[in-house]
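Okay, structure first, notes after.
Note that ligands are numbered from 1 as they come in the structure, with each ligand's atoms numbered from 1 the same way.
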Amino acid sequence: MDESLRIGFGEDAHALAADRPLRLGGVAIEEAPRGAVAHSDGDALLHALADALLAAASAGDIGLHFPPSDPAHRGLDGRELLARVRAHLRDTCGPLRVVNVAAVITLDRPALAPYRDALRDSVAACLDLAPAEVNVAFKTSEGLAPDHVQARVSVLVRVGPAEDADVGTPP
Ligand code: C5P
Ligand code: MG
């Protein structure tokens with residue numbers, strides 16, 4: 001790819017059910033009364049982030065590269081999925097450097113504000129970014145979607161030949 005800035009956007013949602021863990025951004029939300037119903041670990045934030053990175057590279061979506069029908073992906077940790085997406089992009093698109101991440105999680109309960117720093121630090125660590133390069137905002141659905149968790153993620157990515165511009169290599 002030519003040197004340029006590229007935007008990516010991703011979204012993911014899961015139904016919530018009792019006796020399931022809730023993971024967001026690689027962080028276990030211990031107070032959650034219900035967790036995501038999913039084939040993988042149901043980490044909506046990391047799945048939306050993976051799709052946003054693929055979108056920035058015009059490289060499809062995670063279902064294209066990691067079909068949910070493949071038993072190899074059962075219970076796959078969102079951090080591992082994200083690492084595989086980064087490796088794929090490095091191999092196919094060349095150097096890619098995330099400039100910043102802007103995420104929104106919609107969840108009615110529990111309040112996620114107590115996890116604000118943990119989520120930001122975890123997402124930043126997944127991408128070898130500084131925490132200041134990541135924002136994770138929270139919204140309720142105002143009761144309109146109490147049985148779902150949803151994440152929406154925008155990324156800005158710098159594509160180009162700079163030596164340090166590699167999404168798969170720590171800076
Ligand atoms: O959805 P609403 O606009 O009422 O959310 C108000 C604030 O509550 C948000 O800006 C966020 O800081 C916080 N919030 C939260 N955890 C959630 C949903 C919202 O901490 N699950
Ligand atoms: Mg509101």
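Listed by number with element, the atoms of ligand 1 under 4.0 Å from a non-hydrogen atom of Arg116 are 12 (O). The contact set between ligand 1 and Ala113, taken as ligand atoms under 4.0 Å from a residue heavy atom, comprises 15 (C), 20 (O).
Residues Pro33 and Arg109 come closest through the heavy atom pair CG-NH2, 3.9 Å. Shortest non-hydrogen contact noted between Asp43 and Asp12 is O-OD2, 4.4 Å. Shortest non-hydrogen contact noted between Ala56 and Val155 is CB-CG2, 4.3 Å. Residues Arg79 and Gly26 come closest through the heavy atom pair NH1-O, 3.8 Å.
Ring-plane geometry between His14 and His47 is classed as perpendicular, the angle between the planes exceeding 60 degrees on a 0 to 90 degree scale with a lower cut at 30.
Contact annotation: for Glu142 versus ligand 1, heavy atoms closer than 4.0 Å belong to the side chain alone. Of all the heavy atoms of Pro110, the ones lying under 4.0 Å from any atom of ligand 1 belong exclusively to the backbone.
Taking each of Thr140, Ile105, Asp108 in turn, the one with a heavy atom nearest to atom 2 (P) of ligand 1 proves to be Thr140. Of the options Leu112, Ile29, Leu107, the smallest heavy-atom separation from atom 15 (C) of ligand 1 is shown by Leu112.
Counted by atom type alone, Ser58 and Arg6 present one or more donor-acceptor pairs between their side chains at under 3.5 Å.
In terms of polar-atom proximity, defined here as any N/O pair under 3.5 Å, Arg109 makes no such contact with ligand 1.
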